[in-house]
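Order of appearance sets the numbers: ligands from 1, and atoms from 1 within every ligand. Atoms considered below: every heavy atom in the structure, side chains included; atoms not considered: hydrogens, waters and symmetry mates.
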Amino acid sequence: MEQRTMSRLIVISNRVSAGGGAQGGLAVALSAALREHGGIWFGWSGNETSEFTGHISFQRVDGVTTATVDLERQDIEEYYDGYANRTLWPLFHYRIDLAEYERSFADGYQRANERFAETVLPLIEDEDVVWVQDYHMIPLGRELRQRKVRNRMGFFLHIPWPPKRLLATLPDAQALVETLFAYDVVGFHTKEWLDSFVDFICDEMGATVREDGSATWKGQVTRLVACPIGIDAKAFAEMARSDVAHSTFERVRESLVGRSLIVGVDRLDYSKGLEERFLGYERFLFEYPEERKEVVLLQIAPPSRGAVESYQRIRSSLEGLAGRINGAHAGLDWVPIRYVNQAYARDVLAGVYRAARIGLVTPLRDGMNLVAKEYVAAQDSDDPGVLILSRFAGAAEQMSDALLVNPFSAEDLSDAIRQALRMPLQERKARWSALAQGVRERDVMWWLETFREWLEGPNGSGSIAGAVENPLPLVRD
Ligand code: GDG
């Protein structure tokens, strides 16, 4: 890819969590990106204020400048807990049974986005490129355009885009989708999500999309790209060989007394397929009694979005399920599921991944899923484990050398666990090498540079449509 001077980057996302701690996939990726290119990361502080003032707190965290603003309680309830996490998140993960459609949520979402636009406006300089992240901030671009921002602006969606008939259940869906035409570039992880978007704008809105990925609606043109996010693969592989990872590896292996570890690491979220995973594992315990005492499932699931009822429900349901399975199968010296509701440091996680013979990554629907890539990056090349991956994770499009499963089928999960446990070293190595190469080549910096290439436009100038060679040859291939 051609090198040129990059503009400053203004990243805008709901939460700003540069630095250490239990970061989500988005946070991990963006910290790496901003460290590399400089700029500002703007968003909600996560804190509440009695009256919104637009006061910005600046901080420098691990080489990244952050600018955050507090929100009022009503904004948090209607925008964040409401429209973002009770309306869009379930809908975009195909769970219209859980989606809640309330006008007050939609109003709060719009209000919060106007507030974000108003607040970030003075931070944007002429040559900056603005990059808005994820479903919390879909209308932000249009709000900025209405405030005379002429800069190049891009939007990246980290979660799936739903099929058009599901999206049509959202009141005023079209009004929301229209706002995306304010951006110069709109990115998705996979061709599948991009195609669903194209279906909606063409069939429901009468937009047209050219083979080069430029979409036109009422004279506005935006470039659509499929650009799968990666991890910092090299750093993660190094972390898996660190002292902390090594001592974690030793501790975990010792506790297994010769058994094989199956590991799952997920935010506690209904999209991650945890109940179905436990049921698939239970099926394996029933179907293969001779093998069942040879394995342990360690599920790490730090709680998230506890203010939302569907998250409270999934938490208690999982506790019940783990208790039932352990109660039915455990013996004096063996418990089939170690279920842990706590977050661990990343180097500890890396050691756990490396100690696991199987990485069980079985979301019912996932924009990408970075855990699948981390598991691969953490393996020992001489004795790699096996990745079992849901065909409904965005990552499946790139990771066809994993054992791909249907996470809704307990039998499929059970068969895959058995196949992974019995897989000869040679096959494990062959599959892992192919996966590891993909994870290394399409890492987080590849994602960043590729998206930026689109965002900057040719030599940083004017229109992008048709002018930059698509680094994913023909987006709609
Ligand atoms: C969204 C999309 C997309 C988990 N437990 C701990 C911990 N984690 C880290 C993992 C991984 C990250 O959280 C989870 O990333 P995912 O990609 O799996 O999922 P989401 O958080 O739902 O992210 C997703 C992503 O955005 C990026 O575009 O891939 O599809 O839903 O990095 O390691 N980290 C630490 N302790 C834990 O206990 N430190």
Hey, which atoms in ligand 1 end up nearer than 4.0 Å to a heavy atom of [X]?
| X | answer |
| --- | --- |
| Met368 | 3 (C), 24 (C), 29 (O), 30 (O) |
| Val371 | 10 (C), 18 (O) |
| Glu374 | 10 (C), 11 (C), 32 (O), 33 (O) |
| Ile229 | 28 (O) |
| Lys272 | 18 (O), 19 (O), 20 (P), 22 (O) |
| Gly367 | 30 (O) |
| Val265 | 4 (C), 5 (N) |

Using the six-membered ring wherever Trp is involved, compare the ring planes of [X] and [Y] and label them parallel, tilted or perpendicular (cut-offs 30° and 60°).
| X | Y | answer |
| --- | --- | --- |
| Tyr270 | Tyr311 | tilted |
| Tyr80 | His136 | parallel |
| Trp89 | His93 | tilted |

Should the proximity of [X] to ligand 1, defined as any heavy atom under 4.0 Å, be assigned to the side chain, the backbone, both, or neither?
| X | result |
| --- | --- |
| Ala343 | both |
| Leu349 | side chain |
| Tyr135 | neither |
| Gln133 | neither |

* Heavy atoms only: which of Lys373, Arg346, His158 is nearest to atom 27 (C) of ligand 1? -> His158
* For Phe188, the option from Tyr135, Phe197, Trp193 that meets ring-ring contact (aromatic ring centres under 6.0 Å, His included) -> Phe197
For [X] and [Y], indicate whether the former's side chain and the latter's backbone hold a donor-acceptor pair under 3.5 Å.
| X | Y | value |
| --- | --- | --- |
| Glu276 | Leu413 | no |
| Asp128 | Val130 | no |
| Trp161 | Phe92 | no |

* Report yes or no: is the cationic atom of Arg442 (NZ for Lys, CZ for Arg) under 6.0 Å from the centre of the six-membered ring of Trp447, at an angle within 45° of the ring normal? => no
* Asked: By side chain to side chain contact (heavy atoms under 4.5 Å, CB included), which residues pair with Ser247, not counting sequence neighbours?
  -> none
* Asked: Judging by distance only, is a nitrogen or oxygen of Leu370 under 3.5 angstrom from one on ligand 1?
  -> yes
* To do: Could you tell me whether Asp266 and ligand 1 have an N or O pair separated by under 3.5 Å?
  => no
* **ring-ring contact (aromatic ring centres under 6.0 Å, His included) contacts touching residues 357-378 (sequence neighbours left out)** => none
* Going by heavy atoms, is Phe92 under 4.0 Å from ligand 1? -> no
